Chemist: 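Dropping a structure here in structure tokens format, bear with me for questions.
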Amino acid sequence: MDYLEKLGVEIKTSFVVGMLWSIDELFKEGYHAVFIGTGAGLPNFMRIPGENLNGIYSANEYLTRSNLMKAYDFPNYDTPIHSGKNVVVLGGGNTAMDSVRTALRLGAENAYIMYRRSRKEMPARLDEIHHAEQEGVQFHLLTTPIKYNGNEDGWVTSMECLKMELGEPDASGRRRPVPIEGSNFVMEVDTVVVAIGNSSNPLVPQTTPGLEVNKWGNIIADPETMRTSREGVWAGGDIVTGGATVILAAGAGKKAAKDIHRYLQNP
Ligand SMILES: Cc1cc2nc3c(=O)[nH]c(=O)nc-3n(C[C@H](O)[C@H](O)[C@H](O)COP(=O)(O)OP(=O)(O)OC[C@H]3O[C@@H](n4cnc5c(N)ncnc54)[C@H](O)[C@@H]3O)c2cc1C
């Protein structure tokens with residue numbers, strides 16, 4: 001960031017585009033080109049009963065509190081985190097593996113992964129899964145929660161779950177998990193971390209007329225130039241691809257920068 005500032009970049013913080021100013025207002029203020037790199041930061045939830053109980057986090061919140069806001073060093077840092085003894089992380093991706101290993105470091109006695117398909121379908125990198133196993137994470141595969149239970153103070157105490165079996169492949173090409181009737185069981189938990197993916201933040205598309213998005217709300221951009229359907233507006237990174245990787249986002253930024261440069265030379 002220091003390097004960018006030395007090059008002449010002006011950084012405005014605490015500025016939510018679409019709340020303070022819209023993209024159109026930025027143009028009115030005299031900007032000639034806009035690049036949207038707002039990411040896919042809206043956590044998905046299970047949408048099952050009891051999800052508002054205390055002790056149930058999105059992976060975003062759990063990891064942001066523990067790492068970025070240094071809750072691991074509470075009270076030296078003033079961010080608290082509810083770090084239970086029986087922590088279950090829902091999901092089978094890299095974010096789930098980050099979360100479950102964070103739970104171990106925060107003192108969990110039992111750290112579980114619960115994933116609705118089998119180990120073979122897990123989207124996490126094999127070495128991430130392997131490291132989690134090596135550290136003692138317990139895997140509940142082919143299992144899904146259907147309801148959270150809590151106490152009178154509003155804290156989660158247990159989860160009702162269902163066992164699944166794999167059926168025919170679905171649209172993603174992976175075999176669809178099918179619930180096994182009557183396989184319900186209750187599992188005691190005091191912290192739940194939901195790591196089942198993120199959606200794109202709808203704020204910028206909703207406040208930018210004429211900006212085309214796909215059915216998941218990702219901005220549609222030309223893969224070579226990163227130009228969007230709006231004149232003078234580029235987009236790249238997770239807001240275009242959905243949750244992906246740093247290297248892809250950085251690559252999109254470079255492609256867009258080249259094209260924005262061309263555009264500004266010759267609008
Ligand atoms: C837990 C976790 C672990 C990951 N691990 C890896 C990994 O190991 N390797 C890897 O390559 N990738 C990893 N990723 C994915 C990687 O973080 C993303 O692909 C990458 O950060 C996308 O970059 P981006 O610039 O598109 O969006 P982001 O990095 O999400 O940045 C978007 C920024 O825009 C800001 N913003 C959003 N809306 C607005 C608005 N309206 N106005 C102003 N600002 C706004 C946000 O606050 C944010 O700072 C991980 C992701 C997660 C969640």
Side-chain angles (χ1 to χ4, degrees), residues 1 4 9-27 29 31 34-45 57-69 71-72 81 87 89-106 111 113 122-132 137 193-209 211 213-214 216-221 223 226 228 230 233-257 260:
M1 284 192 281
L4 289 176
V9 173
E10 189 191 336
I11 298 176
K12 287 187 193 285
T13 55
S14 301
F15 194 109
V16 180
V17 177
M19 267 191 191
L20 293 175
W21 288 354
S22 65
I23 302 271
D24 285 315
E25 282 164 329
L26 289 172
F27 282 120
E29 286 299 314
Y31 294 94
V34 174
F35 174 80
I36 305 170
T38 45
L42 187 68
N44 297 336
F45 280 94
Y57 294 92
S58 69
N60 274 21
E61 181 181 349
Y62 189 70
L63 293 171
T64 302
R65 276 178 186 268
S66 57
N67 295 338
L68 198 64
M69 300 174 77
Y72 66 83
I81 194 163
V87 182
V89 176
L90 309 179
N94 291 323
T95 303
M97 300 306 144
D98 281 358
S99 302
V100 79
R101 290 169 72 196
T102 297
L104 285 174
R105 282 157 185 70
L106 290 174
I113 283 282
M122 278 192 161
R125 290 205 323 255
L126 267 181
D127 50 347
E128 298 261 2
I129 300 172
H130 189 60
H131 289 149
V137 169
V193 181
V194 185
I196 57 169
N198 292 312
S199 299
S200 58
N201 187 330
L203 189 57
V204 172
Q206 271 170 9
T207 53
T208 313
L211 186 66
V213 295
N214 65 18
W216 298 284
N218 301 124
I219 296 174
I220 298 172
M226 310 317 294
T228 69
R230 276 287 306 265
V233 180
W234 286 254
D238 282 5
I239 187 68
V240 169
T241 52
T245 61
V246 170
I247 196 82
L248 280 176
K254 284 193 165 187
K255 282 183 188 171
I260 292 171

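Source: prediction; values computed, not measured. Atoms within a ligand are numbered from 1 in the order they appear, just like the ligands themselves.
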Chemist: Which residue pairs pass the salt bridge (Lys or Arg N to Asp or Glu O under 4.0 Å) test when at least one of the two sits in residues 9-19, sequence neighbours left out?
Modeler: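 Salt bridge (Lys or Arg N to Asp or Glu O under 4.0 Å) check on residues 9-19 returns Glu10-Lys12.
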Chemist: Give every pair formed by an N or O atom of ligand 1 and a protein N or O atom closer than 3.5 Å, one pair per line with both atom names and the distance to 0.1 Å, or write none.
Modeler:
unit_1: ligand 1; atom_1: 11 (O); unit_2: Val246; atom_2: N; d: 2.9
unit_1: ligand 1; atom_1: 19 (O); unit_2: Asp238; atom_2: OD1; d: 2.9
unit_1: ligand 1; atom_1: 19 (O); unit_2: Asp238; atom_2: OD2; d: 3.2
unit_1: ligand 1; atom_1: 19 (O); unit_2: Ala244; atom_2: O; d: 3.1
unit_1: ligand 1; atom_1: 19 (O); unit_2: Thr245; atom_2: N; d: 3.3
unit_1: ligand 1; atom_1: 26 (O); unit_2: Asp238; atom_2: N; d: 2.9
unit_1: ligand 1; atom_1: 41 (N); unit_2: Val17; atom_2: O; d: 2.8
unit_1: ligand 1; atom_1: 42 (N); unit_2: Val17; atom_2: N; d: 2.8

Chemist: Quick test of your reading: applying side-chain hydrogen bond (donor to acceptor under 3.5 Å, both in side chains), list the pairs with at least one residue in residues 233-250, sequence neighbours left out, ordered by first then second residue.
Modeler: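 Applying side-chain hydrogen bond (donor to acceptor under 3.5 Å, both in side chains) to every pair that reaches into residues 233-250, excluding sequence neighbours, yields Trp234-Asp259.
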Chemist: For Val233, does its backbone N or O pair with a side-chain atom of Thr228 as donor and acceptor, under 3.5 Å?
Modeler: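 Yes, the answer is positive, given that a donor and an acceptor are paired below the 3.5 Å cut-off.
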Chemist: Quick check: closest heavy atoms across Gly92 and Ala96, and the distance to 0.1 Å?
Modeler: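 Looking at all heavy atoms of both residues, the closest pair is N-CB, 4.0 Å.
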Chemist: By side-chain contact (heavy atoms from CB on, under 4.5 Å), which residues pair with Thr38, not counting sequence neighbours?
Modeler: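 With sequence neighbours excluded, Thr38 shows a side-chain contact (heavy atoms from CB on, under 4.5 Å) to Ile36, Val204, Ile239, given in chain and number order.
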Chemist: Checking side-chain contact (heavy atoms from CB on, under 4.5 Å) for the pair Ile113/Ile129: CA distance, chi angles, key distance, verdict?
Modeler: CA-CA 10 Å; Ile113 283 282; Ile129 300 172; over 6 Å; no
